[in-house]
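Below is one structure, written out as structure tokens, with a few remarks after it.
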Number of protein chains: 2
Amino acid sequence: MIETRDLLFKALSDPTRRALFERLCESGEQSVGALTAPAGISQPAVSKHLAVLRQAGLVQDRQQGRQAYYSARPAALAPLVDWTERMARFWDARFDDLDDVLKRMDQ
Amino acid sequence: MIETRDLLFKALSDPTRRALFERLCESGEQSVGALTAPAGISQPAVSKHLAVLRQAGLVQDRQQGRQAYYSARPAALAPLVDWTERMARFWDARFDDLDDVLKRMDQ
DNA sequence: TTAATCCATAACCATCGGGATATGGATTCG
DNA sequence: CGAATCCATATCCCGATGGTTATGGATTAA
């Protein structure tokens with residue numbers, strides 16, 4: 001789906017969400033409370049951001065008692081990597097074409 | 001600067017802007033008129049998107065007569081690649097730690 | 001010179017998005 | 001059981017954003 005890519009870029013476009021994701025990548029699984037403390041925003045705001053990240057597949061959650069533990073799923077970044085590589089490949093291909101042209105001009 | 005990364009993610013968060021960037025990567029330098037035709041939005045809207053992409057360093061423009069030719073600068077994607085790699089590295093590092101723990105547990 | 005073309009900017013509008021507070025269900029603690 | 005804690009959801013507010021039309025400067029064509 002192309003929509004996956006859209007969800008991914010949208011989810012990562014907000015610095016607060018990136019910070020949450022970074023924290024989960026760095027420090028592993030965290031409860032919402034643990035994530036809220038250093039975030040500098042309210043708990044409901046954190047919950048909303050986590051919901052967006054989850055919808056993009058970037059995090060997963062696990063219920064334990066009355067706490068929700070979130071963890072990162074960096075594999076979800078794959079479509080982003082694919083896209084950047086594709087863009088770079090287009091670029092390289094066009095330079096290859098240019099090389100071909102130049103080689104032909106040499107002859 | 002951290003702000004560079006922000007401009008980058010923000011610029012790429014809009015599908016129309018990504019489409020413009022993709023087109024420039026695929027087909028090379030294009031005038032604003034050429035970009036507007038298939039974009040499905042007005043010319044001023046395209047100009048605004050191009051301004052955002054330019055501020056993020058993703059495109060550059062060149063004036064020739066009354067036309068403005070835009071081209072992609074895929075190298076500007078580097079901070080995005082760096083960031084994703086860093087996230088993946090955190091992830092791997094934590095698994096390495098886990099490996100250490102497991103190895104110690106084996107002994 | 002006059003008319004037409006190309007593009008950026010200005011002004012405006014509707015929607016989206018991120019923030020807050022209020023609330024309530026589920027769980028744990030006393 | 002009653003009180004406190006954890007978190008998600010609902011609601012609201014406001015600034016950001018993406019779209020439009022209007023306009024004008026610069027350049028090219030007639």
Side-chain angles (χ1 to χ4, degrees), chain A residues 2-24 27-73, chain B residues 2-24 27-73:
Chain A
I2 193 93
E3 198 177 337
T4 302
R5 190 187 304 157
D6 221 56
L7 285 173
L8 202 50
F9 275 105
K10 280 270 176 37
L12 294 175
S13 68
D14 180 76
T16 301
R17 270 195 300 269
R18 280 202 307 280
L20 285 170
F21 180 70
E22 289 173 18
R23 183 173 174 82
L24 289 174
S27 310
E29 195 181 59
Q30 308 260 335
S31 72
V32 175
L35 289 169
T36 300
I41 54 178
S42 66
Q43 171 266 313
V46 171
S47 282
K48 264 205 286 186
H49 282 308
L50 289 172
V52 173
L53 289 171
R54 181 178 44 196
Q55 203 182 352
L58 286 164
V59 303
Q60 59 188 0
D61 68 316
R62 171 177 72 84
Q63 292 292 335
Q64 178 176 330
R66 61 186 172 187
Q67 346 224 29
Y69 288 98
Y70 283 81
S71 53
R73 294 186 58 242
Chain B
I2 194 91
E3 198 177 339
T4 302
R5 191 187 305 160
D6 221 56
L7 286 173
L8 203 50
F9 276 104
K10 280 270 178 34
L12 294 175
S13 69
D14 181 76
T16 302
R17 270 195 298 270
R18 279 202 308 280
L20 285 171
F21 181 69
E22 288 174 17
R23 182 173 174 83
L24 289 174
S27 310
E29 195 180 61
Q30 307 260 336
S31 71
V32 174
L35 289 168
T36 299
I41 52 177
S42 66
Q43 171 266 312
V46 171
S47 283
K48 266 204 283 189
H49 282 306
L50 289 172
V52 174
L53 289 171
R54 182 179 42 197
Q55 201 182 353
L58 286 165
V59 304
Q60 58 187 0
D61 68 315
R62 168 178 74 83
Q63 292 291 335
Q64 178 178 330
R66 61 187 172 185
Q67 346 223 28
Y69 288 97
Y70 283 81
S71 53
R73 293 187 57 243

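Protein chains get the first letters and strands the later ones, always in sequence-line order, with residue 1 at the start of each.
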TODO: Heavy atoms under 4.0 Å is the rule here; annotate nucleotides 16-29 of chain D 5' to 3' with B where the base is hit, S where only the sugar-phosphate is, and - elsewhere.
DONE: --SBBBB----BB-
Task: Side-chain donor/acceptor of A:Arg54 to backbone N/O of A:Val59, under 3.5 Å - done: no
Task: Rounded interatomic separation in angstrom, taking CD from B:Gln63 and C1' from C:dC6 - done: 10 Å
Task: Partners meeting side chain to side chain donor-acceptor pair (under 3.5 Å) with A:Arg66 (sequence neighbours left out) - done: none
- [ ] Write down the distance between CG (A:Leu50) and P (C:dG19), rounded to a whole number of angstrom.
- [x] 12 Å
- [ ] Rounded to the nearest angstrom, tell me the gap between atom OH in B:Tyr69 and atom P in C:dT5.
- [x] 16 Å
Task: Counterpart residues, side chain to side chain contact (heavy atoms under 4.5 Å, CB included), relative to A:Ala45 (two or more places apart) - done: A:Ile41, A:Ser42
TODO: Would you kindly give the CG-to-P distance between A:Asp61 and D:dT9, to the nearest whole Å?
DONE: 10 Å
- [ ] Name all residues meeting the side chain to side chain donor-acceptor pair (under 3.5 Å) criterion together with B:Arg23; count only those two or more places apart in sequence or in a different chain, and write none if there are none.
- [x] none
Task: Set of side chain to side chain contact (heavy atoms under 4.5 Å, CB included) partners for A:Val52, sequence neighbours left out - done: A:Ala11, A:Arg17
- [ ] Take atom OH of A:Tyr70 and atom P of D:dC7, then tell me their distance rounded to the nearest Å.
- [x] 9 Å
Open item on the list: Nearest whole Å is fine: how far is C:dG17 P from A:Gln55 CD?
Closed with: 11 Å
TODO: Under the side chain to side chain contact (heavy atoms under 4.5 Å, CB included) rule, collect the residues that match up with B:Gln60, sequence neighbours excluded.
DONE: B:Ser71, B:Arg73
